[in-house]
Amino acid sequence: MDKEAVRKRIEELRALLHYHNYRYYVLDQPEISDAEYDRMLRELISLEQQYPEFITPDSPSQRVGGEVAKEFREVAHLKPMYSLDNAFGPEDLKEFDRRVRSLLPGQEVEYEVELKIDGLAISLVYENGVLVRGATRGNGTTGEDITANVKTIKAIPLKLRNPVPLLEVRGEAYMPKESFARLNEQREERGEPLFANPRNAAAGSLRQLDPKVTAERDLSAFMYAIGEVQGYEPKTQAELMEWLLELGFRVNPYREVFNNIDDVINYCQSWHEKRFSLPYVIDGLVIKVNSLAQQEALGFTAKSPRWAIAYKFPAEIAET
Ligand SMILES: NC(=O)c1cnc(N)c2cc(Br)sc12
C-alpha cells in the first residue's frame, strides 16, 4: 500500500474501532467478536508503526501509554467540583424539599433522581471532541492529573461522537463487583494485601503511576455532570444526561423524574434491596432539581449545591 492508502486505511480502522468500542463498552451491545476487534487493532498498530507520523492521541492504539509517571501533576479544574449534603432518611428529604420550594416561591419543581455510584470521582476535559485530560476530584478545586490512567478505561471515549469546542465532564470511575472479587482472589494467591472494597480498589487502580497496571484492573465509569462547556446549553438535568449519551459517554440507565418528594422517597426506598442485585456498588441516590435555571437560582452554600442532595442508605446491618 502507498502512503496515502495507508493513511486512509488507518482512518478507516480508527473509526471502526471507536464505533465497536462504543457498542461494547458503552452500550453493552457488541456487534463483532473480541477476536475481530483485536485483529483490527493489531492491523492499526502495525500500520502506525510503519508511519508513526500518522499517530494521533485519540487513536485506539493510544489507550495504554508506555512510560511510568514519576508522580502526579496537580491540575486546576475548569469549574470547581462540588460535594453533596447527605439525607439519611425521608424526613431529611422532606426538609430538603421544603427548603428548595421556599427559595422558589410559586414555582413548579421537578426532581431528577440517579444512583450514587461508589467509586472515585473523575473529571475529563475534551477539546474539539478529543480527550485531553483526566483528573481526580482532589479538593474540588485542584486534582491529580491521571490522564494516562483514565485513557485505559474502555467505557471512557477517547473521541466524542459529535464534538463540541470544549467540554469538562464529571463522573465516577468504579470497579465492578465481579472484577473486585477476581482481583482480591489474585492478590490472595500472591500473598498481597487485599482491597477492603471496590471503591478502594478503584482508587488504588487509578492512582497507579504505571498505566499498564490500571489497564489490567477492568475499571468502568458512569458520567453524570458537566463543568465548563462551550457549544451546548441544556435546559434540564434529564436532557443533559441524554446529551452525554449521544456524545458517546456511558450514563447510568436508572434515572427518574418526579414532581413531588413523596415519589422521590418511595423510589429511594425501593433501592434499599434492589441495589444488591446491581453489578456495581452504590451508596445511595442523588436527587437534583431538574431545571438548570432553578439550579442556577438556588446556587451553592460554602461547599454544596442547594439544588441537590445525596440520599444515603441506612447502615447495612452487619451480617452476623
Ligand atoms: N448521579 C450523580 O450525580 C452522582 C452519582 N454518583 C456519585 N458518586 C456522585 C457524586 C456526586 Br458530587 S454527584 C454523583
Side-chain angles (χ1 to χ4, degrees), residues 26 77-88 92-93 96 100 110-124 134-143 150 153 155-156 167-177 180 197-203 205-206 219-229 234 236-245 247 249-258 264 267-268 270-271 274-275 278-292 294-295 298-313:
V26 176
H77 299 303
L78 305 183
K79 262 191 181 170
M81 291 176 72
Y82 53 76
S83 56
L84 295 170
D85 278 342
N86 289 325
F88 294 100
D92 292 345
L93 288 177
F96 167 71
V100 163
E110 277 186 335
Y111 293 112
E112 204 249 9
V113 186
E114 303 166 11
L115 301 186
K116 190 169 183 295
I117 313 302
D118 195 7
L120 186 79
I122 55 172
S123 182
L124 309 173
T136 62
R137 182 182 177 288
N139 61 16
T141 305
T142 62
V150 295
I153 302 176
I156 291 177
L167 171 65
E168 184 181 36
V169 61
R170 277 77 193 264
E172 204 83 1
Y174 69 90
M175 185 177 290
K177 291 175 184 170
F180 169 69
N197 53 52
R199 172 170 36 80
N200 289 5
S205 302
L206 268 174
L219 295 175
S220 190
F222 286 118
M223 306 317 283
Y224 51 70
I226 57 176
E228 186 62 57
V229 62
T236 66
Q237 183 65 30
E239 183 197 308
L240 167 60
M241 304 300 270
E242 293 304 318
W243 182 66
L244 290 179
L245 262 178
L247 287 182
F249 290 110
R250 190 150 175 276
V251 172
N252 194 275
Y254 301 104
R255 307 189 295 280
E256 298 291 342
V257 174
F258 301 106
V264 169
Y267 184 66
C268 290
S270 78
W271 278 98
K274 275 193 301 192
R275 66 182 152 144
L278 290 170
Y280 45 84
V281 179
I282 62 171
D283 62 337
L285 292 98
V286 179
I287 298 97
K288 300 175 185 177
V289 168
N290 196 27
S291 153
L292 297 189
Q294 290 180 332
Q295 288 186 12
L298 289 164
F300 291 76
T301 64
K303 64 178 183 61
S304 300
R306 288 194 189 87
W307 44 266
I309 195 161
Y311 171 84
K312 306 289 278 185
F313 295 122

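Everything numeric in this text was worked out from a predicted model, so none of it was measured. These numbers come from the heavy atoms of this one structure, side chains and all, not from hydrogens, waters or symmetry mates. Remember, it's 1-based here, ligands and their atoms both numbered in the order they're listed.
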Query raised in the report: When the ring planes of Tyr82 and Phe300 are compared, do they come out parallel, tilted or perpendicular, using 30° and 60° as the limits?
Result: tilted
**Report entry** Residue pair Ser291 / Glu110, side-chain heavy-atom distance below 4.5 Å
**Finding:** no
**Report entry** Side-chain heavy-atom pair Lys312, Asp283 within 4.5 angstrom cut-off
**Finding:** yes
Query raised in the report: Can you list, by chain and residue number, every protein residue with a non-hydrogen atom closer than 4.0 Å to ligand 1?
Result: Tyr82, Leu84, Glu114, Leu115, Lys116, Ile117, Glu172, Tyr224, Val286, Lys288
Query raised in the report: Taking the six-membered ring for Trp, are Tyr254 and Trp271 ring centroids under 6.0 Å apart?
Result: yes
Query raised in the report: Heavy-atom distance under 4.5 Å between the side chains of Leu240 and Ile226, does that happen here?
Result: yes
Query raised in the report: Which residues satisfy the ring-ring contact (aromatic ring centres under 6.0 Å, His included) test with Tyr280, sequence neighbours excluded?
Result: Tyr174, Phe222
